[in-house]
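Below: the structure, in structure tokens.
So that the names make sense, note that chain A is the first sequence line, chain B the second, and so on, each numbered from 1. Since the model is a prediction, treat every value here as computed from it, not as a measurement.
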Amino acid sequence: MIQISNIEKRFGEVTALNKVSLSVPRGELFGLIGPDGAGKTTLFRIISSLMIPDAGEAKVAGLDVVKDYVAIRRLVGYMPGRFSLYQDLSVLENLSFFASIFKTTIDENYDLIRDIYVQIEPFKHRPAGKLSGGMKQKLALCCALVHKPELLILDEPTTGVDAVSRIEFWDILRRLKDLGITIIVSTPYMDEASLCERIALIQEGRLMSIDTPEVVAGSFPHSLFAVKTNNFFLLLNHLREWKEALSAYSFGEYVHFTPGTEQITERAICDFLKEKGHTEIQVNKTKPTVEDSFMSLMLKKQNQNAS
Amino acid sequence: MKAFIKKELFHIFRDYRTMLILFGMPVVQVLIFGYAITNEIKDAKVAILDQSGDVLSSRFVSKLTASGYFEVDRTLDHPSQIEPAFREGRVKQVIVIPSGFGTDFGLQKQVTIQILGDASDPNTANMLKTYTMAILNDFQMQELGKQSLPVDVKVEPLMFYNPELKGVYMFVPGTMAIILMLVSAMMTSISIAREKELGTMEVLLVSPLRPWQIIIGKVIPYVALSFINALLILSLGWFVFGVPIIGSKGFLLIEVLLFIIMSLSLGIFISTISPTQQVAMLLSMFALMLPTILLSGFIFPVENMPTVLQWLSNLMPSRWFIIIVRDIMLKGSGIAYLWKETMIIFGMTLFFIGLSIVNFKLRLD
């Protein structure tokens, strides 16, 4: 569905995308994971024909994003990162407006949006600007879906949305995928990565790893310990200052600690922390997640840059 | 397209500020220009220093007040009171009648009357002086009867097209130019810039809508609203101030429509170069409003400007529009006389449409 090879995009001095290559088969739910400013939005804008790459080639359904942009714009449903509907129009007015600019009607593709639309239907006469964050995103999704696109491009759809709505939103995405729609979605939340079929980690305009969430998580090259004591703040500092440490960062209520060598065991960590005066010490070997992989990739890159 | 226009109308009618600018402003502006900002003199306050105090001098004073242009605010007793009177600010002119005015006049000697004006407002001072002199001339004729000069050259001015020199005749075309410019150019540029600012332009661009469809959809509601505005101004002029429309009303409306389209294309051009509503607004204000008011000949006659500004004023679409409207309304001119001005506006329209097409972006920067 999407073929991208060696895309580059610069804004003045800043390189937003650096030789990005990517391919997404038809019907996949693909996630682009990375922090703010990593280049996610730029990549999505190039795919949706809103921007021209400085170098490289991008194709959507075999159509070139630069030359065949008119045809692409019919196939694509695009939901920008910022809420981009008319705030002074009601839910229903927004939806029928977007239906009509795609020369269709709400009724025609109602099957596709029904599951989502029923949730916002009670507010259909309310101005879109007065909806809650989750409702806004559902409406925006309806508007992007109303013309039955083959490819759905969602730029950070869950940013600023409460936890419950985020879960609901991902349920919806999985259902849409089952209907055969290719979906690419970006998110800064690592925990959403495991909900995609395949993910790409992006950092400073470079794709670092593209694979299934399991493989990406499994690619973590070291052993990993979840550590918890009575003093979280000192724990983080002590572990970071330890000569055996490769990395330590907070992960929920735990600190995820990676030792520099494989010789370090739970026992050794425990002893070290006791020595530093910690009590209620818990140390468990844990399975790496996508976030751990991401942190380790980032760390590796920083070290490369430093040396 | 229909949906687009409908959506645009929703935007306009739901925003009370837009509505206020659209329909409140024309009415207020016409009324302000019609009533307040006028060059006509009415009941100007004068002070009289009558050192003669005879029958003739009081006859002159009453002739002065009977004209309706002047009102005697006070009578002074001594020249030293003149300055304080001006300082107070109420008195705009002081007329000094010398002692022995009546006697000398009777003896057919040279008589001098002194007119002192408050030139801190030069236009008014000048005008009051002219009015006073005219009344004085009249008074002289009347008092001397036929025994005056052996050869008598009488000047009988007759003002064509606006015999009473009513300011409002001038202000209706001018106000129309300002309002249409404002509504059309500023409102469209702001509303397009708003789509950019709020990110909705991104969604519109990704849709199969072609750029010209987006633009036409944006513009049509404003064409209609501007046209209604023009009708509103014309009827206000007609019913409230009695400004006539001598020429063809159809031709006038066609010219109005042309000017509206010109302003809209200017507005679209502005929106293509402004990223936010604020920039669009400032650009329209400074690039359009001020020149329209100052350089179009609406308030200051173009003939009196320095050459550079005269040349600049040629670039003001409203300058030509004001000429067209004034000539149609007051002189009844037709296309035979106004084709040149019409072509200029038409040319400007094409120019701005071309510029907008070149500038309109199919994509984001």
Side-chain angles (χ1 to χ4, degrees), chain A residues 9 11-12 16 41-42 44-53 60 65-66 69-90 92-106 127-129 139-140 143-144 146-147 149 151-153 155, chain B residues 1-22 187-188 190-222 271-272 275-277 357 359-365:
Chain A
K9 180 76 187 176
F11 298 106
T41 301
T42 308
F44 278 8
R45 282 179 172 169
I46 288 174
I47 295 172
S48 56
S49 82
L50 273 173
M51 270 184 186
I52 297 180
V60 172
V65 292
V66 180
Y69 70 91
V70 178
I72 288 179
R73 289 177 183 186
R74 285 176 202 285
L75 300 179
V76 169
Y78 173 58
M79 184 172 149
R82 213 158 36 130
F83 180 65
S84 302
L85 299 177
Y86 297 101
Q87 315 239 1
D88 52 341
L89 299 193
S90 74
L92 195 59
E93 283 161 356
N94 264 301
L95 196 53
S96 44
F97 171 69
F98 283 100
S100 60
I101 63 173
F102 283 94
K103 299 200 174 61
T104 178
T105 57
I106 300 175
L139 174 59
C143 290
V146 73
H147 62 288
L151 171 65
L152 195 55
I153 302 175
D155 192 2
Chain B
M1 188 74 96
K2 219 189 278 168
F4 207 108
I5 295 169
K6 201 169 111 193
K7 176 217 99 177
E8 207 55 42
L9 287 172
F10 279 146
H11 287 323
I12 295 167
F13 289 123
R14 284 191 191 159
D15 185 8
Y16 67 95
R17 276 171 304 186
T18 311
M19 287 301 284
L20 208 63
I21 293 179
L22 269 179
M187 298 301 235
T188 35
I190 289 179
S191 90
I192 295 180
R194 181 168 50 204
E195 302 247 6
K196 283 196 205 175
E197 202 178 320
L198 297 180
T200 45
M201 191 53 104
E202 211 172 323
V203 185
L204 292 182
L205 284 176
V206 172
S207 78
L209 278 182
R210 311 288 302 176
W212 66 265
Q213 287 175 309
I214 297 178
I215 297 229
I216 298 282
K218 277 259 157 218
V219 154
I220 284 181
Y222 287 101
S271 73
T272 61
T276 61
Q277 294 183 66
I357 291 175
N359 261 308
F360 192 86
K361 296 192 182 61
L362 292 165
R363 296 183 167 86
L364 301 170
D365 296 313

When Gln87(A), Arg82(A), Lys103(A) are compared by non-hydrogen pairs under 4.5 Å with chain B, the top option: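 Between Gln87(A), Arg82(A), Lys103(A), the count favours Arg82(A).
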Looking at chain B, which one of Ala71(A), Ser48(A), Pro80(A) has the largest number of heavy-atom pairs inside 4.5 Å, strictly under?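 Of the options given, most contacts go to Pro80(A).
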Verify the distance criterion only: is there a donor paired with an acceptor across the side chains of Tyr78(A) and Glu202(B) at less than 3.5 Å?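 Their side chains do contain a donor-acceptor pair, which is all the 3.5 Å distance test asks for.
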Between Leu85(A) and Phe97(A), is a side chain to side chain contact (heavy atoms under 4.5 Å, CB included) present by the stated rule, with each step listed? CA-CA 10 Å; Leu85(A) 299 177; Phe97(A) 171 69; over 6 Å; no
Considering only heavy atoms, which portion of [X] lies under 4.5 Å from any heavy atom of chain B: side chain, backbone, both, or neither?
| X | value |
| --- | --- |
| Ser90(A) | backbone |
| Leu89(A) | both |
| Tyr86(A) | both |

If you round to the nearest 0.5 Å, how far is [atom2] of [Y] from [atom1] of [X]?
| X | Y | atom1 | atom2 | answer |
| --- | --- | --- | --- | --- |
| Ile215(B) | Ile220(B) | CD1 | CD1 | 12.0 Å |
| Lys7(B) | Asp88(A) | NZ | CG | 9.0 Å |
| Ile72(A) | Ile47(A) | CD1 | CD1 | 10.0 Å |
| Ile190(B) | Ile21(B) | CD1 | CD1 | 6.5 Å |
| Phe4(B) | Ser100(A) | CZ | OG | 10.0 Å |

Which atoms of Leu198(B) approach chain A - backbone, side chain, both or neither, heavy atom under 4.5 Å: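 The backbone, not the side chain.
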Using non-hydrogen atoms and a limit below 4.5 Å, what part of residues 8-18 of chain B faces chain A?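 From residues 8-18 of chain B, the residues near chain A are Phe10(B), His11(B), Arg14(B).
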State, to 0.1 Å, how close Ala128(A) and Leu139(A) come at their nearest heavy-atom pair, and which atoms those are.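 For Ala128(A) and Leu139(A), the tightest heavy-atom pair comes out as CB-CD2, 3.9 Å.
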Go through Met201(B), Lys2(B), Arg194(B), Glu197(B) and name the one with the most non-hydrogen pairs under 4.5 angstrom from chain A.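 Looking at each of Met201(B), Lys2(B), Arg194(B), Glu197(B) in turn, Glu197(B) comes out on top.
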